[in-house]
**Student:** 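Take a look at the following structure, please.
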Amino acid sequence: MFDRLSTPEEIFSYKLGAALTMEKDTLAMLGDLQESARRPELKQLLAEHAEETRQQIQVVEQCFALLGEEVDDSPCPVTKALAAEAEATLKKTDDSLVDAVILAGALETEYHEQAVYETLLLHARARGAAPVVALLETNLGVERTAGAKVKAMAEQIAVSGIAVPTEGLSGGAKAGIAAGVAATVGAAAAAASKLGERKAEGEAKAAAAESLDRERVAGTAPATGAHAPETARAEEFNDDALQERIAETEHRDQH
Ligand SMILES: [Fe+2]
């Protein structure tokens, strides 16, 4: 590894070494994220990109060979930080919602990788290193495609529901959750009517929206094993809690 960078060529090689470290870090991150992912299609996407990343590592090593240089192992703290952030966020995220965190970490990593290859490419072109340019363009293309797939999946689950599907719930459990949601909405509507004033009505609607959100998240988590806590939280947020909130609102309204 270089102690000091004194020429454009040294900067290029140093950054090429950082790209190699980046790909190795990404490969490890993809393996960890794949284990944590809930959706089979997300696991598949991460596995496919892990395989692509193994090939990208070889491509970067070929770049060093074409330049007649030893493979450099420059540091890449950015990818380590992205992996650490994803891991820390996953630890505090409900199991039913981890896929959204995984996709965020993956997309942030893909965009960083694209920026790295774009910078390497413009310098490789300036050096007239056509074979190296061709190899780096291959890697950039892989990152762009992977980034587009990750973004598409992130958008799809953001629209259709971030929490995992409800296959794990029995028919009875689904009916119970649906009834709970209906009761909560009904209670909130009654509260809005009782309170009368626009301000209070707004608060009741907000309470209904929050209740629906919590129920939806809890209701879409499997009812067994590690995901039971979400169901437990749904039971805690029952009509009593809503009535307490309504009473507080009325009390404030009277003073
Ligand atoms: Fe990548």
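Every number for a ligand or one of its atoms is a count from 1 in the order of the listing. Keep in mind that what you see is a predicted model, and the values were worked out from it rather than measured. What's counted below: heavy atoms across the whole structure, side chains too, no hydrogens, waters or symmetry copies.
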**Student:** Quick one: hydrophobic cluster around Leu82, which other residues, with the 4.5 Å side-chain cut-off, linked directly or via members?
**Tutor:**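 In the cluster with Leu82 are Val78.
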
**Student:** Would you say the Fe ion (ligand 1) has Glu110 as a near neighbour, meaning an N/O/S atom of that residue under 2.8 Å away?
**Tutor:**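 Checking the Fe ion (ligand 1) against Glu110, an N, O or S atom does fall under 2.8 Å.
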
**Student:** Could you report the tightest heavy-atom contact between Asp72 and Leu20, atom names first, then the distance?
**Tutor:**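 Looking at all heavy atoms of both residues, the shortest contact is O-CD2, 3.9 Å.
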
**Student:** List, by chain and then residue number, the residues other than Val142 in its hydrophobic cluster (Ile/Leu/Val/Met/Phe/Trp/Tyr, side-chain heavy atoms under 4.5 Å); write none if there are no others.
**Tutor:**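 Reading the cluster by chain and number, Val142 sits alone, since nothing else belongs.
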
**Student:** Could you pull out the atom name of the N/O/S atom in Glu143 that is nearest the Fe ion (ligand 1)?
**Tutor:**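 Relative to the Fe ion (ligand 1), the closest nitrogen, oxygen or sulfur of Glu143 carries the name OE1.
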
**Student:** Does the distance from a Lys or Arg side-chain N to an Asp or Glu carboxylate O, for Arg144 and Glu118, drop under 4.0 Å?
**Tutor:**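 Salt bridge flag = yes for Glu118 with Arg144.
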
**Student:** Can you name the N, O or S atom of Glu113 that is closest to the Fe ion (ligand 1)?
**Tutor:**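 Looking only at N, O and S atoms of Glu113, the one nearest the Fe ion (ligand 1) is named OE1.
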
